[in-house]
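As a basis for the values below, the full set of heavy atoms in this structure was taken, side chains included, without hydrogen atoms, waters or symmetry mates. Order of appearance sets the numbers: ligands from 1, and atoms from 1 within every ligand.
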Amino acid sequence: MRRQFIQRFGDRSRSVVQLVVLSTVLSVVLPAIFLTQGCSRFDAGNAPSKILLVSIDTTRADRLSAYGYKRPTTPFLKRFSKLGVRMENAFAVMPTTDPSHASILTGQYPRKHGIMRNAARRLDADAPTLATFLQERGYRTAAITARIGLDPELRHIAGFDDTNAPRAPKKWRSAGEVLRHASEWLDEREGERWFLWVHLWEPHLPYEPAQPYRDKFIKRPTRDYRRYSELDRFLESAEQLKEQEILRARSLYDGEIAASDRAVQRIVQGAYDAAPQGSPLVLIVSDHGESLAERRSSDLIGFGHGVLLFNETVRVPWLTVWEGQLEPSVLETPLSLVDLAPTVMDLVDPGRRYETDGRSVATSLRSREEPEPRAFYLERRLFNSTFREDLRHPETAIVDYPWKLIENEGEDVGELYHLERDPLEEVSLVGSEPKILEALSARLARWRADHPLPRQQGPKTRMAEQGEREQELEREREQEALRALGYID
Ligand SMILES: [Zn+2]
């Protein structure tokens, strides 16, 4: 049949009927070809020609003066955010660096992109990313990161023409070093369309800001800051820490935020200098927040992140500035960071369909209209062998504002919070809101069923030994990858 079809339409002496049939077929087939080619109708004239994404690690929204915090931690971001849109309630998908960044760059939940913990696995080669999308539209793309684990080559995050990350044995580096590389890269971009992702590490433990930020928020400075660098002690229960130590550590954390604000100012300035015609599209986010010893109970983490799904570790800043194109505003509707990639794609090339778990809010950025409320999901990273029984089981959450339900698969009862009335998530309402609990629990179970855990990474709840062997293998694989990339001998 197929051969006959080709022979008939290959014949030069076509009848009128054949021509009508041919034109009908072409009218159906040709648009389909253009659409599958994706960017063939890309309107570069209306797209931002320069795009800067800055992710500041470990930055919780409520410690930024740009988000109303009483200390002047972010004077630059406070001014800059007024030129664009501030997402008042943005949530990371997972309070762990590598999975969260992979979600920012792909618009997918970790269960889909497969990076379920730090330094664990790489993205599938065909996973679509924001960088790939922009590369296909003629942007020169670069990732300049402060953490080795975020090296796109190591994590197989596709779409970056240029990458720059710390070299082993160094695992992270300061903003000064990152900015130097970013500045060098921008200097060579004259006349090009570009997308630059810059990652800063400062607010992550240990809290060791350089002066003047070290003493900036401490009333009586001390000479002995060494103890605040003792990671293990601060990662342990807050119960072991004195009140004075907690306040000092929080002030040092705020100092790191202030140092980051200054670094962001320099990189944003660099982006504007490199975009003489038209303002760049600038996005500022964080991958997760930080516990600052709010939960003074013996079995919870003091400082740090990764373990709990409370707002202090998942509510993050998300600012979008594109002067002259977006209406300056504050959007209150809760959003997930899986919404970031589809939103940028939509601003660049409106009307495309994307394979992501998120949704575009580009219309709201342009119009000041709140997006439709929509539920989204959170998840804690997987642990293989742990000191706490609950960490051996997956923990997930649904946010359907104002409700938030957190469920641990090893426990019978979840935790239900009303975020408007109880923003600190102190009183679980599982006993008093049975209907809400039932409905949210069913939706969360459905999401888990629709998004099964990547098989290679399932927690080894019944076989701790096997889990540890797997961890060992992963470490070896990581070493292999580093070796392959020439980072270690
Ligand atoms: Zn992080």
Below 6.0 angstrom between ring centroids: does that apply to Trp172 and His204? no
Any non-hydrogen side-chain atom of Phe80 less than 4.5 Å from a side-chain atom of Val321? yes
What about Trp194 and Tyr139, are their ring centers closer than 6.0 Å? no
Check whether any N, O or S atom of Thr96 sits under 2.8 Å from the Zn ion (ligand 1). no
What's the atom name of the N, O or S in Asp287 nearest to the Zn ion (ligand 1)? OD2
Calculate the angle formed at the Zn ion (ligand 1) by OD1 in Asp57 and NE2 in His288; 10° precision is enough. 110°
Please determine if Arg443 and Asp400 form a salt bridge, counting it only when a charged side-chain N lies under 4.0 Å from a carboxylate O. yes
Do any of the N/O/S atoms of His204, backbone or side chain, fall under 2.8 Å from the Zn ion (ligand 1)? no
